[in-house]
S.K.: 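Submitted below is the structure of interest, expressed as structure tokens.
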Amino acid sequence: MIAIHPERGRIDATAGDLGCDWAWAAIHRVRPRVPLACPECRHGVRAKVSHLGLRFFAHDPGAPTCGLAGESMEHRLLKLELVTAARNAGWHAALEVPAADGRWRADVMATSPDGTLRMAWEAQLSSITEDEVRQRTDRYARDGVRVCWVVTQPRRWRGRVPSILVKPPIEGQRTVWEVAEGLVRFATEPCHHHVPCFGGHGQWQNVKTPLRDFVVWVLDRQVVPHHFVSPELLSEHQWEQVWTAPQYVTLAADFAKAKRRARRKRAVSGTVHVTSLDGMGPEAIAREVALRIAGALPPQRSRRVRSRALRYVAAPSSPEAHGAAGLARVHAAVETWVTEETGGQATVRADEYLAGGTPVYLDNAVYGVIRPDPDQVDWHRWPGRRNWVLFVTSRDELKRIAAAAPNGVRIIELE
């Protein structure tokens, strides 16, 4: 869709004035024929119009091997869509733009209104190896040019360089070119498993949108390239990098941080409802407590639980089994947790005992207790103790405390 005129220079069939203040009627079906040449091979070309109304230049018979001569109509239509979208975004856009030293030639080169930014759009319909794509991408990068590879077939290398998969208009299905893969968003939702996991679920999802909108968003920086820490499976393909809005990058980072923090603390917080021990063994009680914590069972009125069957015993894997070093690690972990949670400086008083455990102080007041003995805690006679945070080092300890604690007590399981 580009030709060279000996006097007017570069002729762009996609531009209203051909890019040189000239009319299409001045070069199409005129006699004598206007001398035009291919910008790549310099062979003669003539102006033509397809049955779809697309203006282009066709090589004269006897043309040498030339990349522009073998372009399919789909390739030309895709380039037209890209150059039109870039112009709609307010950028200057031109077809078949070469580098000054000839190291690359962009199918569509978009240049910002102030001329400071450039972005190449490559309509890659023919086969090409991943190494070639990476080398060409690197050449653009060395010249400060961003690039997006646009493919119509699921090439194996898509997602390993900045790229998208698009689909052409099809009568009865799509009226416009559409981005099918490569544009994503990050979505979160609560967990509906029988025993919910902390923080719910978050995942990257493909988003379909008209190609023209996508080009405008990218040029306006409303959509940016994003590299995953590890490849993500999207549409049955592993993507290393995608295009997304900056707010989704932030959301994904915040979600990952929250999940890491939840896994580290493995906190159980909220209302705990249990029943009496009548006819129930330790395993049954522990199972019911876990289900009620997860919200999988309907609430019941809280009642005091006899914990004789769940008497506190230090397990072989407990900190005591590892001596002073193990206890020191637990104390340090608790102090770190409290600091992250409150912003204050916590102190573990290892030489004191409270409720069978080790007290944790914040601002000279008891903030919580490390590994308390549920048999030594009388929550009904000690009002105000419900605000304490209880720290445990195993799931068994957590279940024992949860079985005896009243509603609203926070129990933090340390790894």
S.K.: Run the ring-centre check on W104 versus Y140 and record whether the distance is less than 6.0 Å.
M.R.: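 When the ring centroids of W104 and Y140 are compared, they turn out to be within the sub-6.0 Å range.
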
S.K.: Quick one, Q345 with Y361, criterion side-chain hydrogen bond (donor to acceptor under 3.5 Å, both in side chains). Give me CA distance, side-chain angles, the key distance, then yes/no.
M.R.: CA-CA 9 Å; Q345 183 61 49; Y361 285 81; over 6 Å; no

S.K.: Is the shortest distance from a Lys or Arg side-chain nitrogen in E122 or R136 to a carboxylate oxygen in the other one below 4.0 Å?
M.R.: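 Counted as a salt bridge, because a side-chain N and a carboxylate O are separated by less than 4.0 Å.
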
S.K.: In terms of relative ring orientation, are H59 and H43 parallel, tilted or perpendicular, with 30° and 60° separating the classes?
M.R.: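 Geometry flag for H43 against H59: parallel rings.
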
S.K.: Applying side-chain hydrogen bond (donor to acceptor under 3.5 Å, both in side chains) between R158 and each of Q153, E181, Q241, Q124, report the one that passes.
M.R.: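 In the set Q153, E181, Q241, Q124, the residue that makes a side-chain hydrogen bond (donor to acceptor under 3.5 Å, both in side chains) with R158 is E181.
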
S.K.: Keeping W24 on the side-chain end and A47 on the backbone end, is there a donor-acceptor pair under 3.5 Å?
M.R.: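 No, the answer is negative, given that no donor and acceptor are paired below the 3.5 Å cut-off.
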
S.K.: Within the 4.5 Å heavy-atom criterion, are S50 and M73 side-chain neighbours or not?
M.R.: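 Counting from C-beta outward, S50 and M73 do come under 4.5 Å.
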
S.K.: Evaluate side-chain hydrogen bond (donor to acceptor under 3.5 Å, both in side chains) for S163 paired with W243, printing each intermediate quantity in order.
M.R.: CA-CA 8 Å; S163 54; W243 298 87; 5.9 Å; no

S.K.: For the ring pair H227 and W239, is the centre-to-centre distance below 6.0 Å?
M.R.: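 Centroid distance H227-W239: not below 6.0 Å, so no.
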
S.K.: What I want to find out is whether D143 reaches R103 closely enough, with some N-O distance under 4.0 Å, to be called a salt bridge.
M.R.: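 Looking at R103 together with D143, the answer is yes, because their closest N to O distance falls below 4.0 Å.
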
S.K.: Taking the side chain as everything from C-beta on, heavy atoms only, tell me whether T209 gets closer than 4.5 Å to E178.
M.R.: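 No - every pair of side-chain heavy atoms lies 4.5 Å or more apart.
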
S.K.: With side chains defined as the heavy atoms from C-beta onward, is the minimum distance between L125 and L78 less than 4.5 Å?
M.R.: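 The answer is yes; the side chains approach within 4.5 Å.
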
S.K.: Strictly distance-based, threshold 3.5 Å: is any side-chain N or O of T111 a donor or acceptor partner for the main-chain N or O of G115?
M.R.: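 Here the side-chain-to-backbone pair does not exist.
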
S.K.: For D114, does the CG atom sit with more than 12 other heavy atoms under 6.0 Å from it, leaving out its own atoms?
M.R.: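 Above 12, so yes.
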
S.K.: Would you say CZ of R139 has more than 12 non-hydrogen atoms from neighbouring residues, nucleotides or ligands within 6.0 angstrom?
M.R.: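 Counting other residues, nucleotides and ligands, CZ of R139 exceeds 12 neighbours.
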
S.K.: Between D220 (side chain only) and Q222 (backbone N and O only), is there a donor and an acceptor less than 3.5 Å apart?
M.R.: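 Answer holds: no.
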
S.K.: Heavy-atom count around D101 CG within 6.0 Å, excluding the residue itself: above 12?
M.R.: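 Check passes, neighbour count above 12.
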
S.K.: Do D12 and T14 pair up side chain to side chain, a donor and an acceptor below 3.5 Å, judged on atom types alone?
M.R.: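 A donor-acceptor contact under 3.5 Å links the two side chains.
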
S.K.: Does T244 reach the side chain of F186, with side-chain heavy atoms less than 4.5 Å apart?
M.R.: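 A side-chain contact under 4.5 Å is absent here.
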
S.K.: Can we say D60 and R33 salt-bridge, meaning some charged N sits less than 4.0 Å from an Asp/Glu carboxylate O?
M.R.: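 So D60 pairs with R33 through a salt bridge.
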
S.K.: If you take the centroid of each ring, where Trp contributes its six-membered ring, are W337 and F391 closer together than 6.0 Å?
M.R.: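 Ring centres of W337 and F391 closer than 6.0 Å.
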
S.K.: Does the distance from a Lys or Arg side-chain N to an Asp or Glu carboxylate O, for E130 and R156, drop under 4.0 Å?
M.R.: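 No, this pair does not count.
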
